[in-house]
S.K.: 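Have a look at this one before I ask anything.
One is the number of the first residue; the rest follow in order along the sequence. Only this structure's heavy atoms are used, side chains among them; waters, hydrogens and symmetry mates stay out.
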Amino acid sequence: MNKETDVAWAAGLFEGEGCISTDGRYKNHRRISINMTDKDVMKRFVEIVDYGRLLGPYMEGKPGTSRAKYKERWQWGTGKRPEVLRILKMFLPYFGQRRLEKAIEAINKIETIN
């Protein structure tokens, strides 16, 4: 695969599974994260964004069910402004309209802090 294809793949995964949220008690801070049960997919995502590490496994399942029914869940995320900006800007050309608007809003909030 080439870099552009990898970035498009990671952006698509983030669009479907990722989250852009407010980071803690600071209104202008933004956090990006992604959680899922496919470790190999998550490892590839982290390699492409070239930042952070994969955390887990955490157990995913319904309360009251046997442990045999639980799945391992993996997570990645960052609230570090330079990384959030870099990654969102890298993904912008590949986002659909709704996620594009959220990403631009997050970028604008972060850039008003600096």
Side-chain angles (χ1 to χ4, degrees):
M1 292 220 161
N2 67 36
K3 179 73 172 167
E4 184 176 347
T5 302
D6 288 343
V7 171
W9 176 88
L13 181 68
F14 186 83
E15 182 156 14
E17 300 292 331
C19 179
I20 302 171
S21 59
T22 301
D23 189 10
R25 59 186 173 187
Y26 305 106
K27 288 191 318 189
N28 289 342
H29 290 196
R30 293 295 181 266
R31 176 171 186 74
I32 55 175
S33 60
I34 188 168
N35 296 279
M36 66 184 320
T37 58
D38 298 316
K39 182 180 181 182
D40 61 326
V41 173
M42 290 293 292
K43 283 177 74 173
R44 182 175 175 205
F45 178 85
V46 173
E47 288 172 8
I48 292 168
V49 299
D50 194 29
Y51 181 78
R53 62 184 185 160
L54 195 55
L55 300 176
Y58 302 102
M59 299 309 287
E60 184 80 16
K62 295 179 182 174
T65 60
S66 73
R67 295 220 28 105
K69 293 183 180 180
Y70 279 66
K71 287 185 173 183
E72 292 180 337
R73 178 179 54 83
W74 303 89
Q75 69 181 36
W76 170 91
T78 184
K80 291 188 177 179
R81 288 183 283 183
E83 293 304 322
V84 173
L85 286 171
R86 181 183 64 81
I87 293 165
L88 287 178
K89 287 178 179 181
M90 179 173 63
F91 288 170
L92 283 179
Y94 307 102
F95 281 157
Q97 189 62 38
R98 187 183 69 81
R99 183 67 71 170
L100 178 64
E101 290 171 3
K102 288 283 190 184
I104 291 171
E105 176 187 334
I107 289 166
N108 289 338
K109 287 285 188 184
I110 293 168
E111 288 180 338
T112 62
I113 295 170
N114 296 331

S.K.: To the nearest 0.5 Å, what is the distance between NZ (K102) and CD (E15)?
M.R.: 13.0 Å
S.K.: Looking only at heavy atoms, what is the nearest atom pair of A103 and L92, with distance?
M.R.: CB-CD2, 3.7 Å
S.K.: To the nearest 0.5 Å, how far apart are CG in D6 and CE in M90?
M.R.: 10.0 Å
S.K.: Could you state the interatomic distance from CZ (R73) to CE (M36), rounded to the nearest 0.5 Å?
M.R.: 12.0 Å
S.K.: At what distance, to the nearest 0.5 angstrom, does OH of Y94 lie from CG of L13?
M.R.: 15.0 Å
S.K.: Hey, does L88 have a side-chain heavy atom less than 4.5 Å from the side chain of I20?
M.R.: yes
S.K.: For E4, give me all partners under side-chain hydrogen bond (donor to acceptor under 3.5 Å, both in side chains), at least two apart in sequence or on another chain.
M.R.: none
S.K.: Drop me the distance from I87's CD1 to I48's CD1, to the nearest 0.5 angstrom.
M.R.: 11.5 Å
S.K.: Measuring from K89:NZ to I107:CD1, what's the distance to the nearest 0.5 Å?
M.R.: 6.0 Å
S.K.: With heavy-atom distances below 4.5 Å as the criterion, would you say the side chains of I34 and M42 are in contact?
M.R.: yes
S.K.: Do W76 and I32 come close enough that some side-chain heavy atom pair is under 4.5 Å?
M.R.: yes
S.K.: Please report the closest heavy-atom contact between Y51 and T78, naming both atoms and the distance.
M.R.: CE2-OG1, 3.5 Å
S.K.: Has the side chain of R44 got a donor or acceptor atom that lies under 3.5 Å from a matching backbone atom of W9?
M.R.: no
S.K.: Would you mind reporting whether R30 and T22 have side-chain heavy atoms less than 4.5 Å apart?
M.R.: yes
S.K.: In a check of side chain to side chain donor-acceptor pair (under 3.5 Å) between E83 and each of R86, R81, K80, which one passes?
M.R.: R86
S.K.: Taking the inter-plane angle between the rings of F45 and F14 on a 0 to 90° scale, is it parallel (under 30°), tilted (30 to 60°) or perpendicular (over 60°)?
M.R.: parallel
S.K.: Under a 4.5 Å cut-off applied to non-hydrogen side-chain atoms, are F91 and V49 in contact?
M.R.: yes
